[in-house]
Every structure is written in structure tokens, then in C-alpha cells.
*Asks:* 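Can you read through this structure? Questions will come right after.
Residue numbers start at 1 and run along the sequence shown. Just so it is clear, the values below take in all heavy atoms, side chains as well, and ignore hydrogens, waters and symmetry mates.
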Amino acid sequence: MKRIIRNILASALIVSLMVPSTACSDFLDVTDESSVSPDNFPTNLQHVELLLNSAYAGGHGYGLYAFFWFPEIMYLLDKTHDTYGDYDSRTRILANDAATSCSKLREAYASIMNWIQYSNAAIEGCDMYYDRCTASERPTVDYMKGQALFLRGLAYWHAQIFFELESKADGLGFPIIDKVPASIEQMTPQRVSVMDTWQFIIDTFRESATLLQGYNSDKTRATEWAAKGMLSKALMQAGCKNEAKVVLEDIIRNSGAKLLDFDTYSKSFYADEAHEFNIETLYEIDMTHNSKQDGPWAGFTSGTAMPLVMAPWYTAMNIRWKNPPAAGAEFSTQSNGGWGNNFVHDESVRRFGFPLDIAPIRVYNENYNSRAAMSVDNYPWILDPAYTALSQKVRDDVEADPRLWISAAQPYFDTFKGPRGDRVWYDRSPEAGDLGYTAHYYFSPKKFTNLDGLETALGSSSGVNIPIVRLADIYLLYAEAIADTDPATALEYVNKVHRRAYNLNPDAASVRDYTSLTATTIAAKNHPEDALANDPLKYERWAELFAEGQWWYDIRRWHLLENEMKVYKRTRYGTLIYQGERAYAQPIPQTEIEAYNGSMKQNYNY
């Protein structure tokens, strides 16, 4: 994991020196042979490597995977999570009605633009050095350029949250920036159409895949299959199913990627290096815990602070009461393992098929021994034993989709490692008292959190990798691409993913198989009106890729937002109201429009 991250701070500095600032002065024309300039940089492969490392650092931007992207933007847009409180501009994101002044979107936009610029600097560095290098070095330079192109394409993929819908005749995409700006004018290109933007992204990934052909041994870097994976995703998002089908079949037949067995799969989202860059993933955002960094607040970080925002609360095992709580009352027993702002939205829990009502308040444990140390086996207040038994039955009889337990944890039932190395229950925020202790399930976010201790122990720098594209994603995209022309094969690829979720052989027919592409899914149990209730392909994409930041793109591609508003009904912010087409695209931050002196076009109806 440390192979990519080691030079990102130095690399980002180099790029900041190469990319022009908006302030121009005559002193910039002075030649200083000790400074970085096109005349003396890059002059060797190490220089190009610095530029490339900075492009990899782009994904670690403050508005992206270093901090905001999942817990404060994507999980709120697609309702993966709800929040315990009315936190800053997140409340409007939860309502799918973000303001142009939203600080989270402003940071995301800035981080995406930085990622594009760092990638362009690396691309130009490769081109400049290619003309100077020896013949023996040219394959290496091509390999580096292929990676830089991949990273630029990936930055634009994330910019998609600001695109208007492709179905809108005059839909606006993103400014196309394909070189390091040499003037103020080049730093402020206008937005082009959505389809022109997608074509640019597709062309970028195609060129990347060509240059990366045969480079697949180092999965900590962009590979041929990573580029083809993202190419297929871009083609599908742009509505180019026939072109995507060819690329998807190439990946399935030739990449060597395989679905993990369920046991390994269920362990692969929690910062365990044994399961990083595994046989299923085609590309991951590489994170490394660094005990000397305290989060992303000072700039780039080698790890991620995203889990800190959604860190689980845990039940304190050293709590003492002067006066025990009255019978029939609920109370706070939690301690803080991080900020703990989010909980898994109730309707997400129900969509996985969880059949139980919200848990009643806890009851006194008749077997509690006050002379012994408190533990999950000896605690004075516990879930009602009848509810605990029903919860266990849900697991034993597989009454809910098993992927729920990979993504979420049930309070006072599921455990993880506490600060003293002992098992502790997942708990609820003290703000649950404001919302109502029995108003929600309060399932804790689990995917991408630390199961071996508290998030605070990682110094806001978690080493959990973020999968961007993996084979299950590819299988389901392939099913989507061929569903109209070859529904039988499409159904088989949906079932491969479905079988693995139930710890079955992905390649063997089972009693769990869907019988058609319109078969009833487990989502129908609690949401019979849901668009996913009789659409296995859509349900499997939602469940398989839950909390991996993919669902919002599917919502856009399938125009599902009105359905989601009906299914999820409300959030901490209030009742959800479908805002129409405008809600599919986030507003361009007002600060960006001001940087263009008002000439940049805002998204529809903002």
C-alpha cells in the first residue's frame, strides 16, 4: 500500500509550481536555474514519477476520499445514510436540494479540478520527457502516461455529480481541460454538452487502456484492466451499450479477475491489507494509515478521514450510575469512537429485507452480576431477550440479505473491538435521545470502518482502501448491456453475484436463483411498490455495491430519483420531496461561477 503514497506531498508541491496561478507578474519571466521550469523539468524518469504520484494524490483531495466524498456527499445523495443531527450544509444534500453555497460541493468541485490539473501535469510531463528520453525508456514513459490518463478520466468520472442528465437535450457537462493552462483564459474554459464530456472521458480511458496494455502485475497502480473497467462504466453511463458490451466481455474473458468466495469477500472492506488488491478488484483508491498525520486538515493525507465522520458509537463497559435508570426508560450508554454523525437509513435496512420492527427500549438484565466486570456477556441493560432471539433467527434463517451485515451493524447485538481490546456493542449517538430512542433502527455504518478498534485510534488517517471497480460490478453491467438481446445470459450473470451473496458457488444453479429478470426480490418484502421489488438487476447493483459510492450513478442512469424519494420517505431534515430533473445534478458552486466573472452557466433551475 505504501508504494504509491510515499511521495505525494513532494509531488503535489512540484505540480503546484508547474501549474500557473491566477496571479501573473513579470518576475515569473526571470530565469532561475535552481527553480522548476520546462527547461529543466522533467529531465529524468524520477521527475516524471513525481508528477505521476501527484496525480495519484488527486483522489486524496479534501472534498474527495480524504474526507467529504462518502459520508457527507454520496451517502446523503443516495440515502445510504441518514444523520443524527442537522449538520451544516449536509441537511440540504440529504433533501437532494443542495444550495449553490454548499461548502461540501464547493470542496468536491475544487478537489476534482485539482485532480484534473495534477493529471494533466503528469500527462504533459510524460510528453515532454518522451522527446528527451532514450529509446529504452519510452515504454516506461508510455506506461506512466497511461496511468496519468486513467487518473484524469477517473477525476472526470467523479465530476459526473455536476453533470445535467444526458436525456436533457441541452444538458451541460463539465469544462474540458486537456492540458496545463498557459493563460488565464485557458484556466476558465466553458462547460460543454453532457455527451461531449462523456466522449472526452471515453476517449481518455480508451487511450489509457491502449498505453497500459500488458501492464497488469502491479494492482497498486492503474492497469490495463482498470482502464477497461472504467471505460466500460463510462460507456454504460453514456448509453453506449453495444460498445460497452465488447469491453465488458474482454474483461470477463481475459482479465483473470474472479469473484471472491463469500468468507473472503465479507472481510475485504475493513482496512485489512491481506485483502487489498484482491483477485476481484480492478482498481482501488490506495490508502495508508500514517500515525504522523492527523487527518486531511493541513492538505493531502495518505489515509482517509471518511470513517471518522461515520464512526460507530460503542457501549461503554466502565459506566457507573449513582441512580440506576428507572424501569421502562431508555438512556445513553455510548462512548465516542469518532464523530459518529451518520447511521444507516432505516429504509436501506428494510430494503435488504430486514423483517423486524424497530427494537423496543432495553430491559434490565436479570443475570447481571454487579461484582463482575461489565462486558457484552455481563451488562445491566440489554436488548429484550425476545427481540435478541428474533434477531438471531434473522441471521440463522437468512431472512435478510447477508450483505446487510457486511455494510451495517445492529446496536446491542453486533460487536467490534473496543479501546481495551475487549468486545463492545455498537451503540447509538446521544442525539438518538433527541430523535427518539425507538424512532429508528440506528444501525451503524460498518463498511470501510475499523473493526479492530476505534476510528480515533487511527488519527483521522484510516488505511482502508476504496474499491472503484470490481468484477461483481462488471458482471452486473454486462447483464445490463445484454438484457434486451440475451436475457438468459444476463440473468445468469445477475445470479452469479446473487449466489455469492448467499455463500453459494457463483457458477452453479441454486434454489436461491432468480427465475427471470422480473422476478420478485427481497426488496419487495418491505417495499412492494419499489422499482427494485421486481427488478433483480437493479436490486443486485444496489445491494452488492451498497455504500461503495456507485448507487447515485445508477440512479442517474436509470432516472430512479423519484422512486427513491418514495421509498426513503424522509430523513433527519424532513419529508423527502422530489425536486424534478434539477435534483439529478448538483449545483455548480457559486464560488466557481464568480471565478468565471459570472460567465459559467449554472445547472438547470438552480
Side-chain angles (χ1 to χ4, degrees), residues 70 74-75 78-81 229 232-233 236-237 248 251-252 257-270 275 278-284 344-345 348-354 398 400-408 445-448 465-481 483 490-507 510 512-514 517 519-525 527 530-555 557-558 560 564 567:
F70 279 176
M74 301 305 287
Y75 290 170
D78 67 12
K79 307 301 169 286
T80 294
H81 289 175
S232 68
K233 288 169 74 71
M236 289 297 293
Q237 204 71 9
L248 290 162
I251 296 169
I252 292 168
K258 299 181 184 300
L259 293 182
L260 294 169
D261 65 88
F262 180 78
D263 183 61
T264 306
Y265 162 71
S266 66
K267 298 173 182 175
S268 62
F269 300 100
Y270 312 112
H275 302 305
N278 57 61
I279 197 168
E280 182 168 335
T281 59
L282 301 182
Y283 189 73
E284 304 174 13
V344 178
H345 198 291
S348 289
V349 175
R350 292 188 176 105
R351 194 179 243 178
F352 275 112
F354 188 68
V398 198
D401 190 321
R403 287 168 291 197
L404 172 58
W405 315 120
I406 294 173
S407 301
K446 183 178 176 184
K447 190 175 279 189
F448 305 127
N465 281 13
I466 309 298
I468 299 298
V469 56
R470 53 189 181 88
L471 189 62
D473 186 2
I474 295 299
Y475 276 3
L476 294 171
L477 287 175
Y478 183 56
E480 183 181 347
L491 180 62
E492 173 60 18
Y493 276 91
V494 172
N495 275 326
K496 287 179 187 296
V497 175
H498 182 62
R499 292 169 194 144
R500 191 268 298 275
Y502 286 81
N503 198 18
L504 300 169
N505 181 350
D507 300 320
S510 79
R512 290 277 182 184
D513 283 8
Y514 297 113
L517 291 175
T520 300
T521 72
I522 204 167
K525 183 185 293 186
H527 300 113
D530 188 354
L532 280 59
N534 294 98
D535 194 327
L537 172 59
K538 288 185 175 65
Y539 173 76
E540 287 299 317
R541 282 198 63 80
W542 177 84
E544 176 65 24
L545 302 171
F546 185 80
E548 294 180 37
Q550 301 289 333
W551 184 239
W552 180 249
Y553 301 142
D554 291 348
I555 289 173
R557 187 168 71 258
W558 291 325
L560 282 178
E564 300 303 280
V567 169

*Asks:* Strictly distance-based, threshold 3.5 Å: is any side-chain N or O of K447 a donor or acceptor partner for the main-chain N or O of I406?
*Replies:*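 No, because the side chain of K447 does not come within donor-acceptor range (under 3.5 Å) of the backbone of I406.
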*Asks:* Going by the rule side-chain contact (heavy atoms from CB on, under 4.5 Å), which residues pair with I252 if we only count those two or more places apart in sequence or in a different chain?
*Replies:*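 Testing I252 for side-chain contact (heavy atoms from CB on, under 4.5 Å), a comparison that skips the adjacent residues, returns I474, Y475, Y478, Y493.
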*Asks:* For the pair K525 (side chain) and G353 (backbone), establish whether a donor and an acceptor sit closer than 3.5 Å, ignoring hydrogens and angles.
*Replies:*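 Confirmed, K525 side chain pairs with G353 backbone.
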*Asks:* Judged by atom type as modelled, is there a donor-acceptor pair below 3.5 Å linking the side chain of H498 to the main-chain atoms of R512?
*Replies:*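 Yes: the side chain of H498 pairs with the backbone of R512.
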*Asks:* Kindly determine whether R499 and E492 satisfy salt bridge (charged side-chain N to carboxylate O under 4.0 Å, His left out), including the steps that lead there.
*Replies:* CA-CA 10 Å; R499 292 169 194 144; E492 173 60 18; 2.9 Å; yes
*Asks:* Between E280 and T264, is a side-chain contact (heavy atoms from CB on, under 4.5 Å) present by the stated rule, with each step listed?
*Replies:* CA-CA 11 Å; E280 182 168 335; T264 306; over 6 Å; no
*Asks:* With P506 as reference, evaluate L259, D261, L471, V497 under the side-chain contact (heavy atoms from CB on, under 4.5 Å) test and give the passing residue.
*Replies:*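 Single side-chain contact (heavy atoms from CB on, under 4.5 Å) partner of P506 among L259, D261, L471, V497: L259.
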*Asks:* Assess the residue pair D473 and R470 against the criterion (salt bridge (charged side-chain N to carboxylate O under 4.0 Å, His left out)); give the C-alpha distance rounded to whole Å, side-chain angles, the decisive distance to 0.1 Å, and a yes or no.
*Replies:* CA-CA 5 Å; D473 186 2; R470 53 189 181 88; over 6 Å; no
*Asks:* So, N495 side chain and Y514 main chain: donor-acceptor pair closer than 3.5 Å or not?
*Replies:*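 Looks like yes, one N/O pair under 3.5 Å.
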*Asks:* Using the rule side chain to side chain donor-acceptor pair (under 3.5 Å), only one of E544, H275, R403 pairs with Y265; which is it?
*Replies:*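 With Y265 as partner, side chain to side chain donor-acceptor pair (under 3.5 Å) holds for just one option, E544.
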*Asks:* Would T521 and D535 satisfy side-chain contact (heavy atoms from CB on, under 4.5 Å), going step by step from the backbone distance to the final call?
*Replies:* CA-CA 7 Å; T521 72; D535 194 327; 5.8 Å; no
*Asks:* Could you tell me which residues satisfy ring-ring contact (aromatic ring centres under 6.0 Å, His included) with F546, sequence neighbours excluded, listed by chain and number?
*Replies:*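 With sequence neighbours excluded, F546 shows a ring-ring contact (aromatic ring centres under 6.0 Å, His included) to F352, W542, given in chain and number order.
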*Asks:* Hey, could you give me the CG/CD distance between L532 and E564, rounded to the nearest 0.5 Å?
*Replies:*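 Reported value, rounded in 0.5 Å steps: 6.5 Å.
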